[in-house]
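What follows is a short report on a single structure.
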Amino acid sequence: MIGNRIAMGVGEGKWLIVTAMLLPAIASTVKAQDTRQVTEPKIPVSCAHLPAQLRAIDGKLAEADESKLDTVRIQSAIDQCKPGMAVELRPASGNNAFLSGPLEMRTGVTLLIDEGVTLFGSRNPADYELKTAGATPGLCGTIATGAPPAVFPAPQRPAPTRGGCRPFISINDAKDVGIMGDGIIDGRGYAKLLGKDYSWWEMARKAEPKNERYFTTRMIVASHADGLVLYRITLHNSTNFHVSVNQTNGFTAWGVHLLTPTTKGIDARNTDGIDPGSSTNVTVAHSWIDNGDDNIAIKTGTTHMSVLDNHFYSGHGMSIGSETYTGDSYLLVDGLTEDHTTSGIRIKSNVTRGGSVHDLTYQNICMRGVKNPIAISPYYTNQTTEGFEDPKYTGDRIPDYKAITIRNVVDTTPGDVLIAGLNDEHRTELTLDGLRVEGITPQQVHGHFATVKLGPLGTNLDFSATDIKVMPWKPVSGSAAAAKEAAFSCDGKFVPMQ
C-alpha cells in the first residue's frame with residue numbers, strides 16, 4: 001500500500017484501483033488503462049561498481065573539474081554489463097559526483113545511482129554534438145542561423161540544417177532498460193555553457209520571441225524502448241525535456257522525483273517532465289514533479305496510460321497535446337494532487353495538429369492555486385494557458401474530444417474553466433461527476449460546442465454564460481442519498497514536494 005490507494009492485480013494484464021476508504025456504489029472501481037500488471041520495480045544486482053572520483057559541494061562541481069569526464073568508464077561498464085544487471089555509481093572516499101557527456105543504454109542494463117551520488121551532465125555543448133554522417137558541426141548550444149523559424153500555428157518542422165545535440169541518456173532500440181536509485185541526475189540547465197556567455201535555459205528563452213529553432217540536449221530520450229523503467233531516481237535541472245519516450249510498448253516511472261529548477265525563481269523554459277508519445281502501456285505512479293513546463297504531456301499516438309497517485313507542483317499541469325493528430329485514448333488519472341500548477345486537467349490542440357482524443361477518466365484529484373483547473377481546448381495558441389475563443393486558424397487536423405469523465409475533482413481555490421469543441425460537428429462530450437471549484441463565478445466558466453452530462457455528484461459550475469448543453473443527472477431510487485455521502489475531500493492532500 002502506498003498513500004491511501006492500493007493496486008490490486010485481478011488477472012493477467014489488469015489492475016484495479018481501490019481506495020483505502022469505503023466508497024459508495026456510485027463511485028465504481030476503475031480499471032487501470034495500462035494493460036500490463038504493473039508492480040513496484042526491483043533493483044537488480046550490480047555487474048560493476050564505479051567509485052566516484054569527483055566531489056560536489058552544495059550541488060556544484062569545482063571549475064577545475066569540468067574537464068574530468070567519466071563518460072568513457074561509465075559507457076564501457078554499460079557496454080560490458082550482462083542483461084538483467086546494473087552499473088552502479090557509488091560514493092567513495094568522500095567523493096560523491098560523476099561528470100559525463102552522452103550515454104547510451106543497452107538492452108537489459110540498469111544505470112543505478114546510489115543515494116548521495118549525483119551524475120552531472122557536461123556543460124560543454126561539443127560533447128553532445130551529433131556524430132551522424134552529414135551533420136553540421138558546431139550547432140549544439142546555438143540558435144539556428146540562416147534558416148526561417150518554425151511558424152505557429154503550423155506544426156513545427158525541422159529546418160533543413162542537419163545537426164544538433166544528442167541526449168544526455170539515450171535508450172534506442174534497447175529493451176528492459178532501467179534508470180534507478182536514490183541518487184540524482186543533474187542536467188545543469190542553469191549553468192553557463194563552456195565557451196559561451198549563456199546557459200541552456202537562457203538560450204531557450206532568447207529563441208522564444210521569434211520562435212526560432214535552437215539546438216539543445218535533453219535529459220532522457222527513449223525510442224523503441226519496450227520495458228523501460230525509471231525507479232526512485234531524482235532528476236534535477238534538465239536542459240530541456242526531462243523524459244521523452246516514443247515508439248515504446250511498456251514504460252513505467254515509479255517513485256520518480258523531478259525538480260527543475262532547483263533554485264526557485266530561475267527561468268527554465270521548455271523543461272517538460274514526462275512526455276510519452278506514440279507509445280502504449282504507460283504507467284506513471286507515486287511520483288513528484290515540479291518543473292518549468294507541462295508536468296506530464298501526453299503526445300500524439302499514446303494509448304493505454306495510467307497516472308496513479310502523483311503530486312505536481314510548479315508546471316503546466318496534466319496535459320494532452322498539443323499534437324494529437326494520430327489520436328490519444330484510454331487514459332486513467334487517479335489520485336493526483338496539483339499544487340500551484342498553471343493548469344489542472346489540460347487538453348490542448350488546434351486545427352493544424354488535432355485529432356481524436358477519447359476514453360479519458362480523471363478522478364480523485366485535488367488542486368489549489370491553479371489558474372485554469374479545467375482547460376479542454378481546440379484553441380491552442382502556443383501560450384502557457386488557453387484563450388477562451390477560437391483563434392480562427394485554418395487546417396484539416398480537427399481536434400475531437402469524446403468520452404471524457406471527470407469524477408471527484410476539487411479545486412480549493414477559484415480559477416477559470418474552459419470546455420470547448422471546435423464546432424457543432426466536433427462537439428466536446430464529457431461527464432462531470434463531483435467536479436467542484438470553490439469560489440468560481442459564472443463569468444469564469446467558458447465554453448462553446450460542448451455537451452456536459454452530469455453524474456450523481458454533479459458540479460458547482462454555472463454554465464449560464466455559455467452555450468454548453470447540459471444534460472442533468474436522472475436519479476434512481478436511493479441514489480440521491482448515496483451521492484450526498486460521496487462528497488470528495490482534499491483534507492490532508494497538500495504536502496511539501498519530496
Side-chain angles (χ1 to χ4, degrees), residues 294-298 312 315-322 331 333 336-350 357 360-381 383-391 399-423 426-473 487-488 490 493:
D294 294 311
N295 300 82
I296 290 178
I298 301 172
F312 294 173
H316 298 173
M318 180 66 233
S319 301
I320 295 177
S322 63
L331 167 70
V333 179
L336 175 63
T337 300
E338 295 180 287
D339 199 345
H340 288 83
T341 55
T342 56
S343 294
I345 295 169
R346 187 184 192 195
I347 305 173
K348 54 178 179 176
S349 197
N350 63 40
V357 177
L360 318 176
T361 297
Y362 302 85
Q363 66 180 25
N364 303 321
I365 298 174
C366 292
M367 309 179 196
R368 69 175 177 184
V370 176
K371 184 176 180 180
N372 294 155
I374 309 292
I376 301 174
S377 171
Y379 306 150
Y380 182 63
T381 59
Q383 301 302 307
T384 299
T385 55
E386 310 312 315
F388 302 134
E389 299 296 333
D390 189 347
D400 192 39
Y401 308 139
K402 297 288 192 293
I404 302 169
T405 297
I406 297 176
R407 177 188 297 116
N408 288 341
V409 174
V410 174
D411 190 343
T412 63
T413 55
D416 285 275
V417 167
L418 172 65
I419 302 171
L422 184 67
N423 51 40
H426 300 92
R427 298 183 69 85
T428 288
E429 297 177 0
L430 74 161
T431 297
L432 300 182
D433 187 11
L435 170 63
R436 189 168 76 253
V437 180
E438 302 292 355
I440 193 169
T441 66
Q443 291 70 37
Q444 291 176 290
V445 180
H446 313 268
H448 304 285
F449 301 116
T451 300
V452 171
K453 181 180 178 181
L454 298 181
L457 301 179
T459 182
N460 72 331
L461 302 187
D462 183 340
F463 295 103
S464 60
T466 75
D467 58 19
I468 292 174
K469 179 181 178 181
V470 179
M471 300 175 63
W473 176 57
F488 178 70
C490 290
K493 299 292 187 181

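For clarity, every value in this text was computed on a predicted model and none was experimentally measured.
Every pair passing salt bridge (Lys or Arg N to Asp or Glu O under 4.0 Å) that includes a residue from residues 363-381 is listed here, sequence neighbours excluded: D339-R368.
With a 4.5 Å cut-off on side-chain heavy atoms, L422 and D390 count as touching. The shortest distance between side-chain heavy atoms of Y362 and L336 does not fall below 4.5 Å. Annotation: side chain of I320 is in contact with side chain of L331 (closest heavy-atom distance under 4.5 Å). A heavy-atom distance below 4.5 Å is found between the side chains of S343 and T385. Between L457 and F488 there is no side-chain heavy-atom pair separated by less than 4.5 Å. When side chains are defined from C-beta on, Y401 does not count as touching L430, because their heavy atoms never get closer than 4.5 Å.
I376 CD1 to I404 CD1: the interatomic distance, rounded to the nearest 0.5 Å, is 4.5 Å. A distance of 7.0 Å separates CG in N408 from CG in D433, rounded to the nearest 0.5 Å. Considering CG of D294 and CZ of R346, their distance stands at 5.5 Å, rounded to 0.5 Å. From L435, atom CG reaches atom CG of D411 across 9.0 Å, with rounding to the nearest 0.5 Å. From H316, atom NE2 reaches atom OG1 of T384 across 4.0 Å, with rounding to the nearest 0.5 Å. The distance from the CG atom of L360 to the CD1 atom of I345 is 10.0 Å, given to the nearest 0.5 Å.
The two residues A420 and Y379 make their nearest non-hydrogen contact at CB-OH, 3.7 Å. When all heavy atoms of S319 and K348 are compared, the pair lying nearest together is CB-CE, 4.4 Å. When every heavy atom of N460 is checked against every heavy atom of E438, the shortest pair comes out as ND2-N, 4.4 Å. The two atoms that bring R427 and A450 nearest to each other are NH2-O, 2.7 Å, heavy atoms only. Nearest heavy atoms, C490 versus T412: CB-CG2, 4.3 Å. Nearest heavy atoms, G344 versus E338: O-OE2, 2.9 Å.
The side chain to side chain donor-acceptor pair (under 3.5 Å) test applied to D462 returns S464, not counting sequence neighbours. Not counting sequence neighbours, E389 has no partner by the salt bridge (charged side-chain N to carboxylate O under 4.0 Å, His left out) test. Residues forming a ring-ring contact (aromatic ring centres under 6.0 Å, His included) with H448 (at least two apart in sequence, or on another chain): none. Y380 is linked by a ring-ring contact (aromatic ring centres under 6.0 Å, His included) to F152, counting only residues two or more places apart in sequence or in another chain. The ring-ring contact (aromatic ring centres under 6.0 Å, His included) check on F388 picks up H446, with sequence neighbours excluded.
A donor-acceptor pair under 3.5 Å links the side-chain atoms of N295 to the main chain of G317, judged by distance alone. A distance-only check finds a donor-acceptor pair linking the side chain of S349 to the backbone of S322 [under 3.5 Å]. No donor-acceptor distance shorter than 3.5 angstrom exists from the side chain of N372 to the backbone of I374, with no hydrogens or angles considered.
With D416 as the fixed residue, the side-chain contact (heavy atoms from CB on, under 4.5 Å) test singles out one of Q444, Q443, E386: Q444.
Under a cut-off of 6.0 angstrom, the local environment of NZ in K453 is sparse, with at most 12 non-hydrogen atoms contributed by other residues, nucleotides or ligands.
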*List the steps and the verdict of side chain to side chain contact (heavy atoms under 4.5 Å, CB included) for M367 and V437.*
CA-CA 9 Å; M367 309 179 196; V437 180; over 6 Å; no

